[in-house]
S.K.: 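Here it is, the structure in full.
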There are 2 protein chains.
Amino acid sequence: MQKLLSNLKITINENIFLKDPESSDLGKRIVENSILLIDEIGFDDFTFKKLGAKIGSNESSIYRYFENKHNLLVYLASWYWSWTEYQLVFAINNIADPLKKLDLAIEVLTKTTTLDSTFKHIDEVVLKRIIINEYSKSYLTKQVDLDNDEGYFSIYKRLVIRLKELIQEANKDYKYAFCLANTVIEGSLHQQYLKDHFKSISGLKPNEAPTEFYKDLVFNTLNISPNE
Amino acid sequence: MQKLLSNLKITINENIFLKDPESSDLGKRIVENSILLIDEIGFDDFTFKKLGAKIGSNESSIYRYFENKHNLLVYLASWYWSWTEYQLVFAINNIADPLKKLDLAIEVLTKTTTLDSTFKHIDEVVLKRIIINEYSKSYLTKQVDLDNDEGYFSIYKRLVIRLKELIQEANKDYKYAFCLANTVIEGSLHQQYLKDHFKSISGLKPNEAPTEFYKDLVFNTLNISPNE
DNA sequence: CAAAACCGATAGTAATACTATTAAATTTGC
DNA sequence: GCAAATTTAATAGTATTACTATCGGTTTTG
């Protein structure tokens, strides 16, 4: 996987940043350390001033890359979903059987995240934790419709559409392909949050991913089963 | 329904407030108008100062009821889930068939909310919109584990447990009852959010509730069907 | 009817979420 | 290799937020 993607750059919608953080050393330090700092103190307490102190730089320099911390969160989320999309596309590449493809897609979308050494300045395991803890704050805002018009969520939407198409390929008669695709992608984050903070109502054991639950859910709902 | 519950008071964990807002006229105005103001400007821009201006009272008076706006949101959410729990309990009361009970429970938990005249100072339709837009902010915080220890989410957890038990009653062999219960309850809010803000990936029509999707999902997953 | 509780008003604080300006350092283009 | 352009760090400043503290006046209650 790493080999295949070694010359890969994740492309993010230019509206999200003022200056591309991939274009400079400071930019990469902003991204790298914002992930660590948000994980450490939470997005609500995260400020550009604190990030500046952490990277030995100035608040005002960070404002030249991102308009505000909300856009930085949108950037990090876009990066995560784009990275996930690549993993999904490579996983199902050259596979013909629609059921096997769907099975692999659910695997990619619901499994526990591991480190990908292709991107040196991004810790995907920590980033995934941020997505679980903070992603919904990127769209649960009053400006969501404006942000959406700017294309802030287009990568995420493309991923949902991909899964919806895999669901339809697997069962052309199923009526709720979009609802089911959203259930798997968003639900998987929620199940992992519950595992960490609401143990008494979580169906998962401490190190368990919700993968088996979602495979069972999807294949029973579609009335099919993947030929292993 | 209204008649049956006419002498009902929704009981909220005392840790959530400093002074019970149901105990005074000012308290009720705080609750009533916080719902309207949060709906209007969003929870992020909502402040006690603005609420004070709206109800012709003072910021400092509101602080005597709630420690901060976060606790007020937890209060509103607890009220909503408690109200939903009552609806669920009454809906399945005196029904023996486990499949019918589960069917009715899904109906209550996923349908579009309508006004309940039992509670004069609370507009349940607007409150539901707040729950859809803001509920996850009440637990996606760094202090979630402390809040959880204080019992801030106990009503919500009780509701999930109720649904999980109905699922188990309907199919004793199903292995993921908790995961499925969470999928229905939290997922239903998410599907309704998508309908309003992410039309291109929502499987729902403008006035459609996700009820049919979830009934199909649950009964196919459990390999049973409700005898209508 | 006195004590207690409640409420509204004012004042004050540290932190947040920025914007503006300037000067030094670095990069680049010829 | 040097001038011009760009980038960065530092400082200062603003409006707003999220509170806390205090203090009368009013209402409730025992």
Side-chain angles (χ1 to χ4, degrees), chain A residues 14-34 37-38 40-76 121 134 137-138 140-143 146-147, chain B residues 14-34 37-38 40-76 121 134 137-138 140-143 146-147:
Chain A
E14 301 205 343
N15 293 333
I16 297 173
F17 49 75
L18 298 170
K19 179 184 157 92
D20 185 356
E22 290 293 323
S23 72
S24 75
D25 178 65
L26 178 63
K28 284 180 198 144
R29 269 160 52 223
I30 289 172
V31 170
E32 176 179 7
N33 289 283
S34 67
L37 188 55
I38 291 172
E40 197 183 315
I41 64 176
F43 183 69
D44 297 339
D45 288 343
F46 171 84
T47 69
F48 282 179
K49 194 169 189 176
K50 289 174 186 167
L51 178 59
K54 189 181 177 77
I55 64 179
S57 178
N58 200 273
E59 195 187 2
S60 55
S61 303
I62 303 168
Y63 274 106
R64 266 185 224 100
Y65 286 83
F66 295 100
E67 250 183 77
N68 47 50
K69 71 173 184 172
H70 173 252
N71 283 25
L72 172 55
L73 180 61
V74 172
Y75 178 89
L76 296 178
H121 63 300
E134 320 284 3
K137 294 175 192 168
S138 76
L140 294 178
T141 67
K142 273 283 159 180
Q143 359 109 3
L146 292 171
D147 286 359
Chain B
E14 301 205 345
N15 293 333
I16 297 172
F17 49 76
L18 297 170
K19 179 184 154 92
D20 186 356
E22 290 291 326
S23 72
S24 75
D25 178 65
L26 178 62
K28 283 181 199 145
R29 269 158 54 222
I30 289 172
V31 170
E32 176 179 7
N33 288 282
S34 67
L37 188 56
I38 291 172
E40 196 183 316
I41 65 176
F43 183 68
D44 298 340
D45 287 343
F46 171 86
T47 68
F48 281 0
K49 193 170 187 174
K50 290 174 186 168
L51 178 59
K54 190 180 176 80
I55 64 177
S57 177
N58 198 273
E59 197 186 0
S60 56
S61 303
I62 302 168
Y63 275 104
R64 279 189 206 100
Y65 286 83
F66 295 99
E67 249 185 77
N68 48 50
K69 72 173 183 173
H70 173 253
N71 283 25
L72 171 55
L73 180 61
V74 172
Y75 178 89
L76 296 178
H121 64 300
E134 322 282 4
K137 295 174 191 169
S138 75
L140 295 177
T141 66
K142 274 282 158 180
Q143 357 108 5
L146 292 172
D147 286 359

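Keep in mind that what you see is a predicted model, and the values were worked out from it rather than measured. Per chain, numbering begins at 1; letters A, B, ... match sequence-line order.
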S.K.: May I have the distance from B:Asp25 (atom CG) to C:dC7 (atom P), rounded to whole angstrom?
M.R.: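 To the nearest whole Å, that distance equals 9 Å.
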
S.K.: A:Pro21 and A:Val31: which non-hydrogen atoms are nearest, and at how many Å?
M.R.: CB-CG2, 3.7 Å

S.K.: In whole Å, what is the span from the NZ atom of B:Lys49 to the P atom of C:dT16?
M.R.: 19 Å

S.K.: For A:Asn68 and C:dT19, give me the distance from atom CG to atom C1', rounded to whole Å.
M.R.: 13 Å

S.K.: Respond yes when some side-chain nitrogen or oxygen of A:Lys69 is under 4.0 Å from OP1 or OP2 of C:dT16, and no when none is.
M.R.: no

S.K.: Could you check how far NZ of B:Lys28 sits from P of C:dC6, rounded to whole Å?
M.R.: 15 Å

S.K.: Answer whether the closest heavy-atom distance between the side chains of B:Phe46 and B:Leu72 falls below 4.5 Å.
M.R.: yes

S.K.: Mind listing the closest non-hydrogen atom pair of A:Lys137 and A:His70 along with its distance?
M.R.: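 Minimum heavy-atom separation between A:Lys137 and A:His70: O-CD2, 4.4 Å.
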
S.K.: Check DNA chain D against residues 17-24 of chain B and give the residues with a non-hydrogen atom under 4.0 Å, in numerical order.
M.R.: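 The stretch gives none, as no residue of it lies under 4.0 Å from the strand.
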
S.K.: Under 4.5 Å between any side-chain heavy atoms of A:Asp20 and A:Glu14, yes or no?
M.R.: no

S.K.: For the helix from C:dC1-D:dG30 to C:dC30-D:dG1, figure out the bend between the end axes, five pairs an end, and round to 10 degrees.
M.R.: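 Inter-axis angle at the termini of the helix from C:dC1-D:dG30 to C:dC30-D:dG1: 30°.
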
S.K.: Give, ordered by number, those residues of residues 51-65 of chain B having at least one heavy-atom distance below 4.0 Å to an atom of DNA chain D; if nothing qualifies, reply none.
M.R.: B:Glu59, B:Ser60, B:Tyr63

S.K.: Nearest whole Å is fine: how far is D:dT16 C1' from B:Phe48 CZ?
M.R.: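 Going from CZ in B:Phe48 over to C1' in D:dT16 covers 16 Å.
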
S.K.: Write down the distance between CG (A:Asp45) and C1' (D:dT17), rounded to a whole number of angstrom.
M.R.: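 Spelled out: CG on A:Asp45 to C1' on D:dT17 is 14 Å.
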
S.K.: Between the side chains of B:Tyr65 and B:Ser24, does any donor sit under 3.5 Å from an acceptor?
M.R.: yes

S.K.: Taking B:Lys142 first and then A:Glu40, would you say they form a salt bridge - that is, a charged N and a carboxylate O separated by under 4.0 Å?
M.R.: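 Answer for the salt bridge query: no.
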
S.K.: Would a 4.5 Å heavy-atom cut-off, applied to side chains only, mark B:Ile38 and B:Leu76 as touching?
M.R.: yes

S.K.: Quick one: are B:Leu73 and B:Ser138 in side-chain contact, heavy atoms under 4.5 Å?
M.R.: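 B:Leu73 reaches B:Ser138 side chain to side chain.
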
S.K.: Given side chains that start at C-beta, do those of B:Glu59 and B:Tyr63 come closer than 4.5 Å, heavy atoms only?
M.R.: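 Yes, side chains in contact.
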
S.K.: Rounded to the nearest angstrom, tell me the gap between atom CG in A:Leu72 and atom C1' in C:dA17.
M.R.: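 Distance check: A:Leu72 CG to C:dA17 C1' gives 14 Å.
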
S.K.: For residues B:Arg64 and B:Lys19, report the shortest heavy-atom separation together with the two atoms involved.
M.R.: O-CB, 3.6 Å

S.K.: Regarding B:Lys69 and the six-membered ring of B:Phe43, is the cationic atom NZ or CZ under 6.0 Å from the ring centre and inside 45° of its axis?
M.R.: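 Yes; both conditions hold, so B:Lys69 lies above the ring face of B:Phe43.
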
S.K.: Atom NZ of A:Lys50 and atom P of C:dA14: how far apart are they, to the nearest Å?
M.R.: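 Value for this atom pair: 16 Å.
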
